[in-house]
Amino acid sequence: MPLPPPPSRKADRVDLKKSPRATSAQPPEPTADTVAPAVAPSPSPAAASAAIPAASPPSRSRRTGQRKGAAPAPVTEAPAAAAPTPATAAAKPTPRRRSTHTGQKRLFVLDTNVLMHDPSCLFRFEEHDIFLPMIVLEELDNNKKGMSEVARNARQASRTLDALAASANGDIRQGLTLAALGNGEASGTLFFQTELLPHALPDDLPQGKADNQILSVVQALKARHPDRDVVLVSKDINMRIKARALGLAAEDYENDKTLDDADMLYTGALALPPDFWTRQNKTVESWQQGGHTFYRIGGAIVEQLLLNQFVYYEAPGEPPLYARVVELRGKTAVLRTLKDYTHLKNAVWGVAARNREQNFALNLLMDPDIDFVTLAGTAGTGKTLMALAAGLTQVLDERRYGEIIMTRATVSVGEDIGFLPGTEEEKMGPWMGALDDNLEFLAQGARNSAGEWGRAATNDLIRSRVKIKSMNFMRGRTFLNKYVIIDEAQNLTPKQMKTLITRAGPGTKLVCMGNLAQIDTPYLTEGSSGLTYVVDRFKGWPHGGHVTLARGERSRLADFASEVL
C-alpha cells in the first residue's frame with residue numbers, strides 16, 4: 001500500500017509547517033463563522049456516541065474575507081454562548097511560538113508517551129481539540145508508580161485530567177473545556193473515549209497491543225469525522241511510521257523544543273562590523289573608570305545587543321576591541337572593556353586564557369556581579385578547567401565564596417555498571433573523573449614550587465573546599481555563599497535545570513557547562529536540552545551571561561576528532 005501524502009494543514013504546536021492553503025497568519029476574528037456547529041442528535045448509536053463536533057469552517061481573514069482557493073462552506077449556527085474564545089498567541093520569547101492559525105480546528109489524538117513526556121501538553125495545542133483513547137488512561141495508571149521522572153509526569157497528568165473532569169461536574173461525554181483551569185492559551189476541547197470504537201486493522205498487527213489499539217481509535221475517528229483533520233501525536237518513531245503506513249496523519253510532539261535549529265542558539269558574542277568606528281566616530285563617547293574604558297555608542301547595531309553580551313572588533317592594522325555590554329538605554333548602549341586574562345599577570349590559579357572566547361568566559365566567571373554563567377562548547381574547550389580555576393581563586397584566595405559544590409547528571413555513555421558502593425561522595429567519584437583530571441593539572445604549580453609536601457598540602461586544602469553532591473538529593477536544599485558547578489548540563493531536562501537553579505541562595509554563583517553535541521539522555525535533543533533552555537531564557541538578564549567556546553585547546557588530536565568524527 002503506498003504511503004499517503006502528508007496532511008495539508010499542520011498545527012503550530014506539533015512540528016508545524018505553515019499550510020500553503022492559508023493566506024494570512026493573523027488570528028481570526030471572533031465572528032459567528034468560528035463557532036463550532038452543534039452536534040445534531042442522531043438515532044443511530046454510532047453517531048450519538050461521538051460527542052466531537054464537526055470541523056468548523058475556515059474563518060474569514062481580515063484582508064481577503066475568506067480562505068484563498070477554498071469554496072464557501074455552509075455554516076451551521078450554534079448558540080452564541082457556545083462560541084469559543086479565539087486562540088491567543090502564546091507568550092513565548094521566540095518567534096516559533098506564534099500561532100499560525102490555519103483556519104480549521106484539528107483533532108489531535110495523544111499517545112501516552114506525550115503525556116508522560118510533558119504533563120502540561122494538554123494546554124499546548126491552542127484552539128485545537130484533543131482526544132484521549134481509553135488505553136491511554138490505562139497506560140498512565142500502569143506507569144504512575146515509582147519515583148522516576150516518568151512516574152511523576154504520569155501522576156501529574158492524571159491530576160490534571162481529574163481537575164478538568166471535576167470542573168465539568170463529572171459529565172465528560174460532551175467534552176471538557178481546556179480553558180476551565182485558567183489556561184487561556186488553550187481554547188479547544190478535550191474528549192475522552194466513552195464507548196468502543198472498533199475499526200479493522202491489518203491482520204499482521206496484534207490487536208491486543210496498546211499502540212495498535214490507539215491506531216484503531218485514530219482510524220475510527222477519521223472514518224466518523226471525514227471533514228476534520230485527525231492527527232496522531234506520538235513521541236514513538238515506530239508508532240508514527242505505522243500510522244503513516246495505514247494512511248493516518250502522525251506528528252511528533254515538539255512544543256518542548258526551545259529552538260528549531262541549534263545553530264540559532266545565543267552565542268553570547270557579536271562581531272562588530274568593519275565600518276563600526278567609521279559610523280560611530282561622531283557620536284561615540286568614551287571615559288575611564290576603575291581601570292576600564294567605557295564607550296557609549298548608538299545606531300542600528302544597538303538593536304542587536306543584549307546585556308552582558310560580548311562584542312569584539314578585529315581588523316588588520318587597527319587595535320582590537322573586546323568589550324561587554326553593561327547598559328542598554330533606548331537607542332544607546334554602553335560598552336566596557338574587558339580584563340585581559342590572556343596575559344600571565346592576570347592568570348587565574350595559574351590558568352591563562354588561550355583564545356578570545358576563553359577570555360570572555362573568565363571575565364564572567366570572575367565577575368562578582370554575575371550570578372549565573374552558562375558555558376557551551378565542544379570537548380577540550382576548557383569549560384571545566386576555567387570554572388574550577390575561577391572557583392578555587394574566589395574560594396581560597398579572595399574568600400568570596402565558602403566552598404565549591406560540583407554535581408553532574410549521572411547518565412552513562414554506554415551500559416550501566418550497576419550500583420556503586422560507599423557514601424554519596426564515593427558513589428559520585430566515578431562520575432567525577434573530569435574533576436580529578438583538572439584538579440591534578442591545577443595542583444601542578446604547587447608541586448613544582450613547593451615539592452611533594454607542598455603538593456600534598458595543596459591537594460588536601462583543595463579537597464576540603466570542593467564537595468561532590470548528587471543531583472538526586474537536591475530537592476529542598478538552599479546553597480548559601482557557595483560556588484556551584486553543574487557539569488554535563490546538556491543531559492538535564494528543563495525541569496531538572498529549574499530544580500537545580502532554584503537551589504541558589506544569597507551570595508551563590510552557579511555555573512552550568514555542557515556540550516550539546518554529546519547528549520546521552522534518551523528523548524533529549526539539542527533543541528529540548530535543559531542547557532539550551534536556560535541559555536535562551538537567561539539571555540539579556542543583568543546578572544547572567546553566556547559564552548559558546550568554539551576553539552578546542554586540549555590537543556591537536558582532540559580538535560581533529562571533534563571535527564571529523
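Throughout, numbering of the chain's residues begins at 1 and tracks the sequence.
For H543, the ring pair (Phe, Tyr, Trp, His ring centres under 6.0 Å) test picks out W541, with sequence neighbours left out. Partners of F479 according to the ring pair (Phe, Tyr, Trp, His ring centres under 6.0 Å) rule, which considers only residues two or more places apart in sequence or in another chain, do not exist here. For the side chain to side chain contact (heavy atoms under 4.5 Å, CB included) test, residues two or more places apart in sequence or in another chain that qualify with V150 are M116, S148. Shown here are the ring pair (Phe, Tyr, Trp, His ring centres under 6.0 Å) partners of Y341, two or more places apart in sequence or in another chain: there are none. Considering only residues two or more places apart in sequence or on other chains, D275 meets the salt bridge (charged side-chain N to carboxylate O under 4.0 Å, His left out) condition with R279. Contacts of L344 classified as side chain to side chain contact (heavy atoms under 4.5 Å, CB included), with partners at least two apart in sequence or in another chain: A352. Among residues two or more places apart in sequence or in another chain, the side chain to side chain contact (heavy atoms under 4.5 Å, CB included) test is passed with D369 by D367. Legend: residues meeting ring pair (Phe, Tyr, Trp, His ring centres under 6.0 Å) with Y322, ordered by chain and number and at least two apart, are absent. Residues passing the side chain to side chain contact (heavy atoms under 4.5 Å, CB included) test with D340 are T342, H343, N346, N359, sequence neighbours excluded.
No donor-acceptor distance shorter than 3.5 angstrom exists from the side chain of S529 to the backbone of T525, with no hydrogens or angles considered. Listed for the Q490 side chain is a donor-acceptor partner under 3.5 Å among the backbone atoms of Q518. The main-chain N or O of E185 is never found under 3.5 Å from a side-chain atom of N183 such that the two would form a donor-acceptor pair. Remark: the backbone N or O of A323 is not paired with any side-chain donor or acceptor of Y313 at under 3.5 angstrom. At least one donor-acceptor pair closer than 3.5 Å links the side chain of N491 to the backbone N or O of D520. Although no hydrogens or angles enter the test, the distance criterion places no donor-acceptor pair under 3.5 Å between the side chain of Q156 and the main chain of N153. Checked by atom type and distance alone, the side chain of T267 never pairs as donor or acceptor with a backbone atom of T548 at under 3.5 Å. K383 contributes no side-chain N or O that, together with a main-chain N or O of A376, makes up a donor-acceptor pair within less than 3.5 Å. A distance-only check finds a donor-acceptor pair linking the side chain of N113 to the backbone of K235 [under 3.5 Å]. A donor-acceptor pair under 3.5 Å links the side-chain atoms of Q358 to the main chain of R354, judged by distance alone.
Heavy atoms from other residues, nucleotides or ligands lying under 6.0 Å from NZ of K495 number more than 12.
Interatomic distance, L375 CG to L531 CG, rounded to the nearest 0.5 Å: 9.0 Å. Between the CD atom in Q496 and the CD1 atom in I501 there is a gap of 12.0 Å [rounded to 0.5 Å]. Separation of atoms OH (Y253) and NE2 (H117) is listed at 7.0 Å; rounding is to 0.5 Å. For the atom pair OH (Y401) and OG1 (T508), the distance works out to 8.5 Å, reported to the nearest 0.5 Å.
L307 and P542 get closest at one heavy-atom pair: CD1-CG, 3.8 Å. Heavy-atom minimum distance, L549 versus A361: CD2-CB, 4.4 Å. Residues A390 and L365 come closest through the heavy atom pair CB-CB, 3.7 Å. Nearest heavy atom pair, residue C121 against residue L115, reads SG-CD2, 3.5 Å. Residue Y483 comes nearest to A387 through the heavy atom pair OH-O, 3.0 Å, listed as atom of the first residue, atom of the second, then distance. Residue S528 comes nearest to P494 through the heavy atom pair O-CD, 3.6 Å, listed as atom of the first residue, atom of the second, then distance.
Side-chain contact between V511 and V484 is absent, with no heavy atoms from C-beta onward closer than 4.5 Å. In this structure, I486 and M513 have side chains that are not in contact, with every pair of non-hydrogen atoms separated by 4.5 Å or more. You'll find the side chain of S120 reaches within 4.5 Å of the side chain of R124, heavy atoms only. No side-chain heavy atom of V547 sits less than 4.5 Å from a side-chain heavy atom of N363. Residues L524 and T493 have side chains in contact (heavy-atom distance under 4.5 Å, counting atoms from C-beta outward). Annotation: side chain of V311 is not in contact with side chain of F276 (no heavy-atom distance under 4.5 Å). Counting heavy atoms from C-beta on, the side chains of K467 and I404 never come closer than 4.5 Å. Residues R324 and L364 have side chains in contact (heavy-atom distance under 4.5 Å, counting atoms from C-beta outward).
For the ring pair (Phe, Tyr, Trp, His ring centres under 6.0 Å) condition, the pairs that include at least one residue of residues 351-377, sequence neighbours left out, are F310-F360, F372-F538. Within the structure, every pair that satisfies the salt bridge (charged side-chain N to carboxylate O under 4.0 Å, His left out) test and touches residues 302-322, not counting sequence neighbours, is listed here: E314-R356.
Of the N and O atoms on the side chains of T499 and R503, not one donor lies less than 3.5 Å from an acceptor on the other residue. Residues S234 and D236 bring no donor and acceptor atom of their side chains to less than 3.5 Å of each other. Inspection of the T378 and T381 side chains reveals no N or O donor paired with an N or O acceptor under 3.5 Å.
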Without placing hydrogens or testing angles, list every side-chain donor-acceptor pair under 3.5 Å for residues 325-339, not counting sequence neighbours.
residue	atom	partner	partner atom	Å
T332	OG1	R329	O	2.9
T337	OG1	T293	N	3.0
T337	OG1	T293	O	3.4

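With respect to Q394, the side chain to side chain donor-acceptor pair (under 3.5 Å) criterion is satisfied by exactly one of K509, R400, R399: R400.
The pair R106-E251 meets the salt-bridge criterion, since a charged nitrogen lies less than 4.0 angstrom from a carboxylate oxygen.
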